[in-house]
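Taking it in order: structure first as structure tokens, then the write-up.
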Amino acid sequence: MRVAIGSLLQETNTFSPQATRREHFQITRGEALLEAARHEKTEVHGFLDVLKKEGIDAVPLIGGWAVSYGRIEQDHFQSLVDDLLEALRESGKVDGVLLALHGAWAAQGIDSADGYVLQKVRQLVGQNVPIVVSLDLHASLARSMWTSADALVGYRTCPHVDTCETGQRAAKIMVSMLKQNVHPTMAVRKLPLITQAEEMISDRGVFKKILQYTQAMEEREGVISASIFPCQPWLDVEEMGWSSVVVTDHNDQQAETLADELADVLWQHRHDFVVDIPSVNDALDEAMRIEGGPVTLGEGADGTMGGSPGDSLHILAGIFEKNLDHLPTAAVVADPQAVAQAIAAGVGQVVTLNVGGTLNPTYANTLTITGVVKLISNGEFRYKGGCYTGRLVQMGRAVVLTVNQVNLLIAERSMPTTDPEMYRSHGIEPCDMKFVLCKSPLSFRMDYEPISVAVM
């Protein structure tokens, strides 16, 4: 047996002023996809684990991942889809297709890029070839997705530490269809519900209880899979909203009933996700009452993994205003012009830069900063924490500017800030700081809570 495998993942923020382009994606093809998957704890790694165990040949298509930006430009999107479909055609006859998608990817003129991909794959392989898809927990499901796939399977953790395990679950469904004569029936319920992201933490509170309820549903006889998708909130698309998904073995009525049951549970808890967020001034005052460090501050309003440009220095401005820059601080910002100017000056030179507010000036202000260029790098690092372990991050050229005791990492591109390795790879040790600034509403907690005296 032969199963085609591939991935195209990006979470879109339709409010971002930065359009996504093909060059934002890190693309692998064929054997390179398999090699990369062996070193990264991703969904494709999970696909391979199960297929190898079952003696099924994995036929690699293409793999692609990009940091969140705005909608992908139409021609760049089409070129990625064409590459995927061409690889699938060249693969010859396959018995199934396993895809890792995000579920909240949007293109110019297409609200659900993931749904478009699945429609094209379905048209190519026909109705009799199984298609099973793994999705991010924050997917915003569209009808084009669930009508084109046999099963949709979502992450169960946030921060997302079960990407590999989700791939394994999806692959096991594929195996059950190919070897055990299982016939999945899927029911989806959409809710008119958008919530803040800060309380979507899977190891605590109401969200943990909801996820436990969802997982327990799979223990019922005849249930193959149950997933919830509390969509990422920074989308303006027609089919926006939370979803519940239940997959049963050839039992339409059971799937429909349980999808309703799960949707009712989600709706009952909708008000539990409303969060009061402190101001920068209040957060810094509270931090100064805490002995030691680091105190890690998450700026969800500029959350780069949710598609914000990463050019806000809102918290750092507060640190300067309160004359706290004598305390060791790690901060990060995306500003290509400032990077170019610092590189032109060179390591060891004193420079005055206008930093921040260049990518999204409507919401981010510019700070004029004088400091010393401490380091210049290619801006690459690999995840070493609990999420996306082994994945390579490329944030363009980067510099470290020191201003008194502030260590400001400036990169050309938006970057994920949830792993301390971002700072460590640039000579900044978070554990030695009083303040560590992250551009994230919640995912930074996974790797920062264990090393912080407080997280806000």
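Predicted model, so just to flag it, every value in this text is computed and none were measured.
Nearest approach of I5 to A58, heavy atoms of both residues: CD1-CB, 4.1 Å. Of all the heavy atoms in I110 and Y116, the pair that sits closest is CD1-CD1, 3.9 Å. Taking every heavy atom of both residues into account, T12 and A106 meet most closely at OG1-N, 2.9 Å. The shortest heavy-atom contact between M456 and F444 is O-CZ, 3.9 Å. Considering all non-hydrogen atoms of both residues, D49 and C164 come closest at OD2-SG, 4.1 Å. Pairing each heavy atom of H314 with each of V280, the nearest pair is CD2-CG2, 3.4 Å.
A distance of 11.5 Å separates CZ of R391 from CZ of F381, quoted to the nearest 0.5 Å. Distance check: R29 CZ to I27 CD1 gives 6.5 Å after rounding to the nearest 0.5 Å. The distance from the CG atom of L124 to the OG atom of S91 is 9.5 Å, given to the nearest 0.5 Å. Taken to the nearest 0.5 Å, the NE2 atom of H426 stands 9.5 Å off from the CD atom of E380. Taking CG from L353 and CD1 from I410, the interatomic distance works out to 6.0 Å, rounded to the nearest 0.5 Å. In this structure, the separation between OG on S134 and CZ on F47 is 4.0 Å, given to the nearest 0.5 Å.
By the neighbour-count criterion of 12 heavy atoms within 6.0 Å, atom NZ of K209 is sparsely surrounded, having that number or fewer from other residues, nucleotides or ligands. Open room surrounds CD on E291; 12 or fewer heavy atoms of other groups in view lie less than 6.0 Å from it.
Ion pair D111/R71 flagged as a salt bridge, since at least one NZ, NE, NH1 or NH2 atom sits closer than 4.0 Å to an Asp/Glu carboxylate oxygen. For the pair E86 and R89, the salt-bridge criterion is not met [side-chain N within less than 4.0 Å of a carboxylate O]. A salt bridge links R22 to D83: one of the charged nitrogens lies within less than 4.0 Å of a carboxylate oxygen. In summary, D447 and K384 do not engage in a salt bridge, as defined by a charged side-chain N under 4.0 Å from a carboxylate O. A salt bridge links E286 with R289: the distance from a Lys NZ or Arg NE/NH1/NH2 to an Asp or Glu carboxylate oxygen falls below 4.0 Å. Ion pairing of R204 with E449 is present here, as a side-chain N (NZ or NE/NH1/NH2) and a carboxylate O approach within less than 4.0 Å. A salt bridge does not link R445 to D203: none of the charged nitrogens lies less than 4.0 Å from a carboxylate oxygen.
The aromatic rings of F25 and W105 are tilted relative to each other, their planes meeting at an angle between 30° and 60°.
Partners of D282 by salt bridge (Lys or Arg N to Asp or Glu O under 4.0 Å), not counting sequence neighbours: none found. Remark: D150 pairs with R122 by the salt bridge (Lys or Arg N to Asp or Glu O under 4.0 Å) rule, at least two apart or across chains.
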Check: Stepwise, does the side chain to side chain donor-acceptor pair (under 3.5 Å) test hold for Q108 with E73?
Finding: CA-CA 6 Å; Q108 291 177 349; E73 294 182 5; 5.0 Å; no

Checklist line | Criterion side chain to side chain contact (heavy atoms under 4.5 Å, CB included) on S244 and L266, from CA distance to verdict | finding: CA-CA 8 Å; S244 65; L266 300 180; 4.3 Å; yes

Note to self: Show, in sequence, the C-alpha distance, side-chain angles and deciding distance for E421 and R424, and conclude whether the salt bridge (charged side-chain N to carboxylate O under 4.0 Å, His left out) test is met.
What the structure shows: CA-CA 5 Å; E421 183 60 20; R424 288 172 176 156; 5.4 Å; no

Notebook entry, point to check: side chain to side chain donor-acceptor pair (under 3.5 Å) between E299 and S312: does it pass, once the steps are laid out?
Noted result: CA-CA 9 Å; E299 186 179 5; S312 168; 2.7 Å; yes

Next item on the list: Could you give me the CA-CA distance, side-chain angles and deciding distance for L211 and Y155, then say whether side chain to side chain contact (heavy atoms under 4.5 Å, CB included) is met?
Entry: CA-CA 10 Å; L211 288 165; Y155 301 165; over 6 Å; no

Next item on the list: Kindly indicate, with the supporting measurements, whether the criterion side chain to side chain contact (heavy atoms under 4.5 Å, CB included) is fulfilled by L135 and L141.
Entry: CA-CA 10 Å; L135 295 171; L141 300 193; 3.7 Å; yes

Check: Are N13 and S68 close enough, and set up right, to give a side chain to side chain contact (heavy atoms under 4.5 Å, CB included), and what steps lead you there?
Finding: CA-CA 7 Å; N13 181 334; S68 299; 5.6 Å; no

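For F229 and W146, the ring centers are positioned 6.0 Å apart or more.
No side-chain heavy atom of L316 sits less than 4.5 Å from a side-chain heavy atom of V355. Contact of the F320 side chain with the V403 side chain is registered, since non-hydrogen atoms from C-beta on lie closer than 4.5 Å. Looking only at side-chain heavy atoms (C-beta outward), L152 and S227 stay at 4.5 Å or farther from each other. A 4.5 Å side-chain heavy-atom check between Q405 and M433 finds every atom pair outside the cut-off. The shortest distance between side-chain heavy atoms of S452 and V436 does not fall below 4.5 Å. Residues C158 and L442 form a side-chain contact, since some pair of their non-hydrogen atoms from C-beta on lies under 4.5 Å apart. Under the 4.5 Å side-chain criterion, counting only non-hydrogen atoms from C-beta, V393 is not in contact with M422. Within the 4.5 Å cutoff, no side-chain heavy atoms of M395 are placed close to those of V67.
A donor-acceptor pair under 3.5 Å is formed between the side chain of T163 and the backbone N or O of K41. Of the possible donor and acceptor atoms, one in the side chain of D162 sits under 3.5 Å from a partner among the backbone N and O of R156. Judged by distance alone, with hydrogens and angles left aside, the side-chain atoms of S140 form no donor-acceptor pair with the main-chain N or O of C231 at under 3.5 Å. Of the possible donor and acceptor atoms, one in the side chain of T20 sits under 3.5 Å from a partner among the backbone N and O of G70. In this structure, T304 contributes its side chain and M415 its backbone to a donor-acceptor pair below 3.5 Å. In terms of modelled atom types and a separation under 3.5 Å, the side chain of S440 and the main chain of S443 share a donor-acceptor contact. A donor-acceptor pair under 3.5 Å is formed between the side chain of K190 and the backbone N or O of G241. Between the side chain of S148 and the main chain of M145, no donor-acceptor pair closer than 3.5 Å is present. For the pair H45 (side chain) and E40 (backbone), a donor-acceptor distance under 3.5 Å is present. Of the possible polar contacts, none joining the E198 side chain to the V275 backbone as a donor-acceptor pair under 3.5 Å is found.
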Anything under 3.5 Å between a donor and an acceptor, one on a side chain of residues 357-374, the other on a protein residue two or more places apart or in another chain? List them.
residue	atom	partner	partner atom	Å
T366	OG1	G356	O	2.7
T368	OG1	N354	OD1	2.7
T370	OG1	T352	OG1	2.8

